[in-house]
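Heads up: the structure comes next, in structure tokens.
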2 protein chains.
Amino acid sequence: MNSPRGLMKHRFPQASPQARPRLRRPTAHDVARVAGLSQSAVSRAFTPGASISDDARLKVLAAAQTLGYRPNMIARSLITERSGTIGLAIGYMENQFYPAILEALSTEFAAAGYRLLLFTQGPRDDSDPLLDEVLRHRVDAVILASVRMTSKFAEECSKAQVPVVLINRRTEAEIASSVTGENRIGAQAIAAFLVAGGHQRFAYMAGLEDSSTSREREEGFSEGLGALGQPAPLRVVGNYDFEAARAGTKRLLLRKQPPDAIFCANDHMAFAVIETARSEFGLTIGRDISVVGFDDVALAAWPSFMLTTYSQPIQPMVHRLVEITLQHIEQGGGDPIRDIVPGALIIRTSARLPQ
Amino acid sequence: MNSPRGLMKHRFPQASPQARPRLRRPTAHDVARVAGLSQSAVSRAFTPGASISDDARLKVLAAAQTLGYRPNMIARSLITERSGTIGLAIGYMENQFYPAILEALSTEFAAAGYRLLLFTQGPRDDSDPLLDEVLRHRVDAVILASVRMTSKFAEECSKAQVPVVLINRRTEAEIASSVTGENRIGAQAIAAFLVAGGHQRFAYMAGLEDSSTSREREEGFSEGLGALGQPAPLRVVGNYDFEAARAGTKRLLLRKQPPDAIFCANDHMAFAVIETARSEFGLTIGRDISVVGFDDVALAAWPSFMLTTYSQPIQPMVHRLVEITLQHIEQGGGDPIRDIVPGALIIRTSARLPQ
DNA sequence: TTGAAAGCGCTACCAC
DNA sequence: GTGGTAGCGCTTTCAA
């Protein structure tokens, strides 16, 4: 085995001999020489709270400017033990919800002085090497936005003393902090709304079976229906995947007694349901059949969909997540925090209205 | 001015006194001690090509395993002058094209041993601080996927001796490498297709005015129309933005002589056109009016849209981009490479067919 | 193949 | 407020 734990597949290339004679990048010493000050002064000029005279700082900054000097975060990180980077695991980018989360995370963390180091999960489940690589980069924390094997990742991070925070999912055991939407409450509200709309036959389209989010929404939905004297909904699995959701829709609509209301574990699958019901079964959404999602992504408001859904407001969720993450970083650990950010039932026209 | 060049807004927090007594992370020395070998041996065990006996490497790996040791990339980077990270500037995440690019980039670069350091551009144009931050992290290269002020960024990177590669855009001057689609050829093909379809009044919906991509597509479209004896198209600006595109659509359709064919600089705006034409003007797409996009994102194939478009195949584009980037890294610069990846006219039903 | 030793560029601590 | 100095955890000579 040439490659320990399968992690060292890559060798960084050596600069070839004929390469352009790349100038050595200026260091703090170079700047100090030009500014006529010590290297310590240069360091202080680039450190916010440091005690340095305006005069000295200006000299350093001027010298830095002319030399094109930029403090080396790598060197700084080595001594401060903080890289200023946050590892972000994210996937399912076809579902609009995650690109939006990514953008918000990047902005919020940037404002706090951190940058995101991305790692996406490939088709295979070889979670280990990826996380391992990221941990080697000494990220100050890890955010798990959408991955398989969440618990395993979370465990490995805490073993490595790196704070983990999940968004839109949680671990079974209370081992990691998380920020989620109102899965149970939202699903209950949807159940009540659909029952009030006079629907008779309900179906639930699940996401990934091992997803806490999908499970909680399913439980809330079933509870909500049960509380109103309705039987448990039909059930089909869409795995958060567009094509799988289309297939599931067909199975549902081909039944002798097809459902008249389908609640999907997220908007992304709800779109698949709408597209399929409309194009392959000729149904009019909101009249022949009601479809409800969860998330309230931008697409949900487009005229073609007008999707009734339960919102998971991205700004507040991300804001909370960043707060929690920074807190863990500052405390060097601390007890897990599991936060629920309130959403709201967004009523559009994809589901028949009460009365 | 307490914060030089506006970059030092953040101070990393000090671990508070009451923080959990976080164990020091194991270093190569610790592993060496346990393995009964030198620290050099540990280094070699984790370096692919290094000359070390199987026996020694196994001992090191075992010791590393028990201690939970992970080589510190920060320290390694300091000496090797390579961080193993690539800066990625990306925005417009609402346009499906970019999340897809992001995912593909992450995967391809991961396979080559690199990770992505993200930076997204906020609403303001203060490009400098962001790029500066990323450059401080000593990224091995920078990818510009969708930003304003591309040229400025590109210039700053090359000044800092960091390779830059653009995707889906290029700089006016040949200062940076780029990978783009067949903007001109594709737009010409679309013009020919629409003319063959018997359309009479053409319109072009532009993206951002300073975008090379939008300009090239517009030129190609006009050339294509002109070559077939058609006048220049009407023109409206959508800035790659959904709402702006909706507004532009209204302006177009409210004219005394509305166009019967609209070519949009990208799919994202084409969806806005379709939604608006359908919901606010009651038009049937592909019959009353033809709409064509550019990119061929996943949404374009949904039954609700069936968008005729010119494809920009993400896998090949990203693959080329990674090749070019690695080449620049290995050569330590080199001449700019401007690559065009072929696409194809994807005919669906949003535009009337010839005959 | 191995170990000792010299830094990589910076921060942090110490005197002054 | 300032400059010297000792490392941070590694890679990379160089001898052995």
Side-chain angles (χ1 to χ4, degrees), chain A residues 8 11-15 22-33 35-60 64 67-84 135-138 140 160, chain B residues 2 8 11-15 22-33 35-60 63-64 67-84 135-138 140 160:
Chain A
M8 314 294 308
R11 285 189 69 181
F12 287 118
Q14 308 302 321
R22 177 146 138 181
L23 281 55
R24 192 177 61 77
R25 275 198 256 264
T27 71
H29 271 106
D30 302 327
V31 176
R33 209 171 303 119
L37 290 163
S38 73
Q39 185 268 343
S40 308
V42 177
S43 173
R44 283 192 274 261
F46 283 95
T47 307
S51 79
I52 182 173
S53 66
D54 283 0
D55 178 55
R57 190 176 53 235
L58 257 37
K59 268 191 218 156
V60 168
L67 289 179
Y69 169 75
R70 232 181 287 265
N72 187 336
M73 290 300 287
I74 300 280
R76 165 192 283 231
S77 298
L78 190 56
I79 176 86
T80 59
E81 294 262 76
R82 343 185 99 276
S83 64
L135 261 17
R136 289 184 181 201
H137 280 271
R138 295 297 191 260
D140 295 332
Chain B
N2 187 354
M8 313 296 305
R11 286 188 70 181
F12 285 118
Q14 308 303 320
R22 177 145 138 182
L23 280 54
R24 193 175 60 77
R25 276 198 255 263
T27 72
H29 271 107
D30 302 328
V31 176
R33 209 171 303 121
L37 289 162
S38 74
Q39 185 268 341
S40 312
V42 177
S43 172
R44 284 192 272 261
F46 282 96
T47 307
S51 77
I52 182 173
S53 65
D54 283 359
D55 178 55
R57 191 177 51 236
L58 258 36
K59 268 191 219 155
V60 169
L67 290 179
Y69 169 76
R70 230 180 288 263
N72 186 337
M73 290 299 287
I74 300 278
R76 164 192 282 230
S77 298
L78 189 57
I79 178 85
T80 59
E81 294 262 81
R82 339 186 101 276
S83 64
L135 260 18
R136 289 184 182 199
H137 279 270
R138 295 298 191 261
D140 296 333

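These numbers come from a predicted model, not from an experiment. Letters A, B, ... mirror the listed sequences (proteins, then strands); counts begin at 1. Only heavy atoms go into these numbers, but all of them, side chains included; no hydrogens, no water, no symmetry mates.
- For S38(B) against dA4(C), a side-chain-to-base donor-acceptor contact under 3.5 Å is absent.
- A donor N or O paired with an acceptor N or O is not found under 3.5 Å between the base of dG9(C) and the side-chain atoms of R138(B).
- For T80(A) and dT11(C), the shortest distance from a side-chain N or O to OP1 or OP2 is not below 4.0 Å.
- Here L37(A) lies in heavy-atom contact (under 4.0 Å) with sugar-phosphate atoms only.
- Not a single donor-acceptor pair, N or O on each side, falls under 3.5 Å between the base of dG1(D) and the side chain of S53(A).
- Residue A41(B) has its side chain nearest to dG3(C) when only dT11(D), dG3(C), dT2(D) are considered.
- Going from atom CD of Q39(A) over to atom C1' of dG3(D) covers 10 Å, rounded to whole Å.
- Nearest approach of P48(B) to F46(B), heavy atoms of both residues: CD-O, 3.8 Å.
- Computed from coordinates, the R44(B) CZ to dG3(C) P distance equals 7 Å when rounded to whole Å.
- The nearest whole Å value for the distance from the CG atom in L58(B) to the P atom in dT2(C) is 12 Å.
- Screening I52(B), D30(B), V31(B) for a side chain to side chain contact (heavy atoms under 4.5 Å, CB included) with V42(B), the sole residue that qualifies is V31(B).
- Of the listed nucleotides (dC10(D), dT5(D), dC10(C)), dT5(D) has the atom at the smallest distance from the side chain of S40(A).
- Rounded to a whole Å, the CD1 atom of I52(A) is 15 Å from the C1' atom of dA12(C).
- Looking at every heavy atom in both residues, R44(B) comes nearest to A50(B) through O-CB, 3.6 Å.
- Comparing S43(A) and I79(B) by the nucleotide of DNA chain C that holds the closest heavy atom to each, the one mapping nearer the 5' end is I79(B).
- Taking atom CD of residue E81(A) and atom P of nucleotide dG7(D), one finds them 16 Å apart after rounding to whole Å.
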Evaluate the side chain to side chain contact (heavy atoms under 4.5 Å, CB included) criterion for residues R138(A) and R70(B): first the C-alpha distance (whole Å), next the side-chain angles of each, then the deciding distance (0.1 Å), finally the verdict.
CA-CA 9 Å; R138(A) 295 297 191 260; R70(B) 230 180 288 263; 4.0 Å; yes
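- With rounding to whole Å, K59(A) atom NZ is found 12 Å from dT2(D) atom C1'.
- If you take CZ of R76(B) and C1' of dG7(C), they are 17 Å apart, rounded to a whole angstrom.
- When heavy atoms are screened at a 4.0 angstrom cut-off, T27(A) is found touching the sugar-phosphate backbone but no base atom.
- Remark on DNA chain D: of its neighbouring residues D54(A) and H29(A), the 5'-side contact belongs to D54(A), judged by nearest-heavy-atom nucleotide.
- Residues P26(B) and L67(B) share a closest heavy-atom pair of CG-O, 3.4 Å.
- Between the CG atom of N72(A) and the P atom of dG7(C) there is a distance of 18 Å, given to the nearest Å.
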